[in-house]
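We count ligands from 1, going down the list as the structure has it; atoms in each ligand are counted the same way. Everything numeric in this text was worked out from a predicted model, so none of it was measured.
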Amino acid sequence: MDKNRIATLTMDDGRSIELPIMSGTLGPDVLDIRNIAKLGMFTYDPAFFATASCTSAITFIDGDAGLLYYRGYPIEQLAEKSDFLEVCYLLLNGELPDAGQKETFTGKVKEHTMVHDQLARFFTGFRRDAHPMAVMVGVVGALSAFYHDSLDINNPEHREISALRLIAKVPTIASMAHKYHTGFPFMYPKNKYSYVENFMYMMFATPAEDYVPNPVLVRALERIFILHADHEQNASTSTVRLAGSSGANPFACISSGIAALWGPAHGGANEAALNMLEEIGDVSRVKEYVQGVKDKKYRLMGFGHRVYKNMDPRAAVMRQTCHEVLKELKLENNKLFELAMELERTALSDPYFIERKLYPNVDFYSGIVLRALGIPTNMFTVIFAVARTIGWISQWNEMIADTDHKIGRPRQLYRGAVKRDYVPVKKR
Ligand code: CMC
């Protein structure tokens with residue numbers, strides 16, 4: 001904080017208060033408004049358009065410039081040159097691992113890929129047609145009932161083991177949710193595979209057939225995981241932090257993050273985007289559908305972003321990956337993918353979208369890639385949850401490690417009834 005920089009707030013009744021101006025290493029300065037409580041007032045900022053809820057050293061976003069850095073490294077470089085487990089190490093520990101650290105970390109994650117055998121029984125309690133995100137909320141939360149030996153949140157070693165367990169087990173649970181839904185047997189993890197190969201194996205292999213991972217498709221999913229690994233204080237991460245601020249255990253906190261991610265305005269957008277493409281159905285209906293969006297009948301899913309107002313840097317990487325995958329699978333002339341490209345062209349050249357700075361976001365392209373990989377639409381948000389688990393756990397860990405952290409407790413502007421006396425029912 002720059003101690004010499006102060007903003008002064010003067011009230012209409014003449015009272016004034018000094019508000020320190022804080023500076024980060026990147027990004028805009030921030031007004032420390034905590035002194036406002038001395039005036040007996042609160043600030044009002046629903047949906048947090050202008051509020052930094054914490055300090056963090058994990059992820060930096062510049063929405064206007066279209067920048068996304070994990071621990072200072074641009075997302076484009078990580079997506080091109082790194083792999084998902086290395087990114088996990090980076091987010092969790094602050095630095096890229098050296099070769100030895102990478103090997104040890106990978107080995108530790110692999111140690112934890114299986115789940116307690118009794119956890120498998122949770123699945124049979126769900127209807128087969130349950131949405132896999134409903135299963136994820138329940139089963140990931142249930143991990144807190146199994147791993148009692150690592151639940152002391154004030155012990156850094158416990159926090160590390162919980163982090164490793166979550167990184168390792170969430171893909172296993174996700175693929176079990178898919179297998180249960182489709183009626184196929186669960187596939188136990190195979191540690192000879194890389195993290196992403198193993199996930200694809202658990203998703204797509206059956207005991208009856210050999211499974212050979214396709215490197216182009218593995219790379220595409222690896223990119224999806226890297227691009228979705230963290231995104232600073234979004235709705236689900238803020239949910240994890242708020243739940244964690246009360247001292248709740250990490251498995252319960254991550255489960256709350258999964259619940260928040262499920263909504264169509266957040267992680268549900270790639271599923272919603274694909275459903276929208278299916279609803280449009282044919283290239284000939286794109287213009288009519290876009291007109292409906294302009295008439296405010298519905299929104300174009302997979303377009304727009306709260307923070308990125310010029311370009312989503314993840315979308316640029318995903319767009320390229322999308323073309324690579326469609327080429328590899330010879331799907332360039334597929335009807336649905338042609339429709340998606342036409343929708344992209346139409347929206348990008350329409351003044352409604354240009355004026356409002358609405359561009360395709362990462363989920364528009366990741367939805368198309370996931371569909372091409374053969375992942376069912378109802379698993380799209382689950383894939384996002386698998387990738388984002390590392391972001392949630394890193395942010396949670398950062399918060400708990402800060403000895404100054406307090407329970408989160410927003411206030412409100414009350415606009416309900418003023419005091420009134422109870423009236424017995426016969427007299428109402
Ligand atoms: N389609 C059509 N119009 C839109 C859209 C859209 N997708 N998004 C925003 N607008 C319009 C909106 O109607 C408003 O127009 P007007 O000024 O005439 O009233 C204007 O753009 C500003 O909208 P807003 O609701 O104030 O914007 P926001 O920053 O609150 O919303 C958003 C951000 C992501 C919720 C929104 O763009 C949206 O609903 N997009 C579709 C869902 C989606 O793709 N979400 C995934 C986001 S990326 C994944 C993630 O990081 O979680």
Side-chain angles (χ1 to χ4, degrees), residues 45-51 58-64 66-70 75 133 223-240 257-277 279-280 286-319 322 340 343-344 346-370 377 380-392 395:
D45 183 21
F48 303 110
F49 274 89
T51 296
I58 300 176
T59 292
F60 173 74
I61 299 175
D62 183 331
D64 292 328
L67 303 177
L68 169 60
Y69 301 162
Y70 294 163
I75 193 66
M133 281 299 274
R223 284 205 180 132
I224 290 184
F225 280 6
I226 294 172
L227 297 178
H228 287 85
D230 194 46
H231 213 224
E232 53 118 300
Q233 310 310 319
N234 55 84
S236 57
T237 303
S238 298
T239 303
V240 170
I258 295 172
L261 186 73
W262 194 356
H266 191 8
N270 49 16
E271 179 176 345
L274 240 285
N275 290 337
M276 174 191 76
L277 292 177
E279 191 191 323
I280 300 172
V286 166
K287 281 211 161 60
E288 173 198 337
Y289 193 86
V290 167
Q291 190 54 49
V293 172
K294 290 167 28 179
D295 294 341
K296 308 259 187 217
K297 290 188 192 151
Y298 35 76
R299 284 190 170 199
L300 211 48
M301 300 314 288
F303 277 71
H305 200 274
R306 169 61 62 80
V307 179
Y308 298 119
K309 294 301 179 194
N310 283 317
M311 192 265 287
D312 178 345
R314 304 167 303 171
V317 178
M318 208 64 253
R319 187 175 193 275
C322 181
L343 187 63
E344 181 202 41
T346 308
L348 286 179
S349 58
D350 189 303
Y352 176 95
F353 297 92
I354 297 169
E355 279 158 19
R356 288 172 180 75
K357 301 190 170 186
L358 297 169
Y359 302 90
N361 57 49
V362 64
D363 288 329
F364 182 71
Y365 300 108
S366 68
I368 299 170
V369 173
L370 291 172
T377 316
F380 286 9
T381 316
V382 175
I383 304 285
F384 193 160
V386 172
R388 185 55 61 85
T389 295
I390 181 58
W392 291 328
Q395 299 269 351

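- Looking at atom 51 (O) of ligand 1, its nearest protein heavy atom turns out to be His305 NE2, 3.1 Å.
- A distance below 6.0 Å separates the ring centres of His231 and Tyr308.
- Summary of contacts: the protein heavy atom closest to atom 27 (O) of ligand 1 is Lys309 NZ, 4.3 Å.
- Looking at His228 against ligand 1, nothing comes within 4.0 Å, counting heavy atoms.
- If you look at Met276 next to ligand 1, there are no close heavy atoms at all, none under 4.0 Å.
- Counting protein heavy atoms only, atom 49 (C) of ligand 1 is closest to Asp363 OD2, 3.0 Å.
- Contacts between Asp312 and ligand 1, counted as non-hydrogen atom pairs separated by less than 4.0 Å, are absent for every part of the residue.
- In summary, the atoms of ligand 1 found under 4.0 Å from a heavy atom of Asn361, numbered by their order in the structure, are 43 (C), 44 (O), 46 (C), 47 (C), 48 (S).
- Put simply, atom 22 (C) of ligand 1 has no protein non-hydrogen atoms near it, under 4.0 Å away.
- A pairwise comparison of heavy atoms in Ala269 and Met301 identifies O-CB, 4.4 Å as the closest pair.
- In this structure, atom 45 (N) of ligand 1 is in close contact with the protein, since a protein heavy atom lies within 4.0 Å of it.
- By the criterion of a heavy-atom distance under 4.0 Å, the side chain of Leu358, and not its backbone, is placed next to ligand 1.
- Counting heavy atoms closer than 4.0 Å to ligand 1, residue Tyr352 contributes side-chain atoms (C-beta onward) but none from N, CA, C or O.
- Distance from atom 40 (N) of ligand 1 to its nearest protein heavy atom, with residue and atom name: Phe303 O, 2.9 Å.
- Scanning the protein heavy atoms around atom 17 (O) of ligand 1, the nearest turns out to be Arg356 NE, 3.8 Å.
- By the 30° and 60° cut-offs, the orientation of the rings of Phe303 relative to Phe364 is perpendicular.
- Residue, atom and distance of the protein heavy atom nearest to atom 24 (P) of ligand 1 are Arg299 NH2, 4.0 Å.
- Numbered from 1 in the order shown, with element, the atoms of ligand 1 that lie under 4.0 Å from a heavy atom of Gly302 read 43 (C), 44 (O).
- In terms of the side chain to side chain contact (heavy atoms under 4.5 Å, CB included) criterion, residue partners of Phe60 (sequence neighbours excluded) are, by chain and number, Leu26, Asp62, Tyr69.
- In terms of the side chain to side chain contact (heavy atoms under 4.5 Å, CB included) criterion, residue partners of Leu358 (sequence neighbours excluded) are, by chain and number, Tyr352, Phe353, Arg356.
- The backbone N or O of Ile226 lies less than 3.5 Å from a partner atom in the side chain of Tyr70, making a donor-acceptor pair.
- Any N or O atom pair closer than 3.5 Å counts here, and Leu300 shares at least one such pair with ligand 1.
- Here's the thing with Tyr298: none of its N/O atoms is less than 3.5 angstrom from an N/O atom of ligand 1.
- For ligand 1, one of its N or O atoms has an N or O atom of Lys296 under 3.5 Å away.
- Scanning the protein heavy atoms around atom 28 (P) of ligand 1, the nearest turns out to be Arg306 NE, 3.7 Å.
- Any N or O atom pair closer than 3.5 Å counts here, and Phe384 shares no such pair with ligand 1.
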